[in-house]
Amino acid sequence: MNPIDHPTERREPKAGKCGSARPHPSGARPTLVAVLATVLLAAMVSFLGIGSAVAAPAPAPMPRPLPDTLPGTLVGKTYTSVAVVGGAIPGGGPMTVHFERPDRIALGAGCNRHLGTATITSDHVRISTLVSTRMACTGPRAGADRWLTTFASVPLTWRAVGPVLALTSPRQTVVLVEQSALPR
């Protein structure tokens with residue numbers, strides 16, 4: 001079983017001009033941001049030892065953030081998930097996170113929009129008092145809101161490197177990329 005679940009469609013490899021090649025899910029070539037997100041995810045999977053056990057122990061503490069990744073650098077930015085380690089978002093997501101102000105956060109996982117208070121420290125994001133829109137989501141997205149509120153119910157460890165942000169709970173890591181850095 002692949003320990004990395006991502007809300008993209010799986011495709012079979014197709015032959016290219018130079019023999020067998022595996023196309024990027026969007027049909028485009030990977031960008032530098034996508035490559036950086038993949039490298040960060042692979043490093044986190046290796047560092048945390050995620051994916052080798054069914055019930056993994058709590059993740060080991062990660063190194064302190066780089067000096068330029070202070071909590072204030074998250075404010076005003078919006079991130080979109082590119083990968084999830086430890087289980088997929090119901091319906092495929094993606095998860096979006098917007099740090100509106102130093103004490104406010106907006107979240108989504110493919111169904112309703114959730115707003116709440118947030119406390120950001122040098123290594124944790126604590127989210128409380130979530131309120132949400134009340135749109136009924138059916139089919140695969142029906143569990144997206146429950147997944148999101150469960151994920152956000154514990155203090156999340158955060159690490160940022162450039163436009164890539166990783167939010168980690170005791171069971172899952174969501175790798176997100178700043179929306180301004182995503183290809184259009």
Shortest non-hydrogen contact from Ser169 toward Leu156: CB-CD2, 3.8 Å

Taking every non-hydrogen atom, the tightest pair across His98 and Lys77: ND1-O, 3.3 Å

Side chain to side chain, Pro170 and Val154, heavy atoms closer than 4.5 Å: yes

Candidate pair Leu74 and Trp158, rule side chain to side chain contact (heavy atoms under 4.5 Å, CB included), full reasoning: CA-CA 10 Å; Leu74 298 176; Trp158 73 273; 3.9 Å; yes

Validation row: Phe151, Met95 side chains within 4.5 angstrom (heavy atoms): yes

Contact summary for Ile89 and Pro94, nearest pair of heavy atoms: CD1-C, 4.4 Å

All pairs passing ring-ring contact (aromatic ring centres under 6.0 Å, His included) where residues 109-142 contributes a residue, at least two apart: none

Greater than 12 external heavy atoms within 6.0 Å of Arg146's CZ: no

Gap separating the CZ atom of Arg101 from the OG1 atom of Thr117, nearest 0.5 angstrom: 10.0 Å

Heavy-atom closest contact (Ala144 atom, Cys111 atom, distance): CB-CB, 4.2 Å

Donor on one side chain, acceptor on other, Asn112 and Ser132, under 3.5 Å: no

Point-to-point distance, once rounded to the nearest 0.5 Å, from OG1 of Thr129 to CD1 of Ile105: 12.5 Å

Cluster check Leu107, Leu115: I/L/V/M/F/W/Y, side chain < 4.5 angstrom: no

ILVMFWY clustering at 4.5 Å (side-chain atoms), partners of Met135: none

Sidechain-backbone polar pair: Arg159 side chain, Ala166 backbone, donor-acceptor under 3.5 Å: no

Where Leu130 and Ala152 come nearest, the two heavy atoms and their spacing: CD1-CB, 4.3 Å

pair Val97-Leu167: side-chain heavy atoms closer than 4.5 Å: yes

Pair Thr80-Gln179, side-chain donor/acceptor within less than 3.5 Å: yes

Full working for side chain to side chain contact (heavy atoms under 4.5 Å, CB included) between Tyr79 and Val175: CA-CA 9 Å; Tyr79 294 86; Val175 178; over 6 Å; no

No-hydrogen, no-angle side-chain donor-acceptor test under 3.5 Å, Thr168 and Thr173: yes

Nearest heavy-atom neighbours spanning Gly87 and Gln172: O-NE2, 3.3 Å

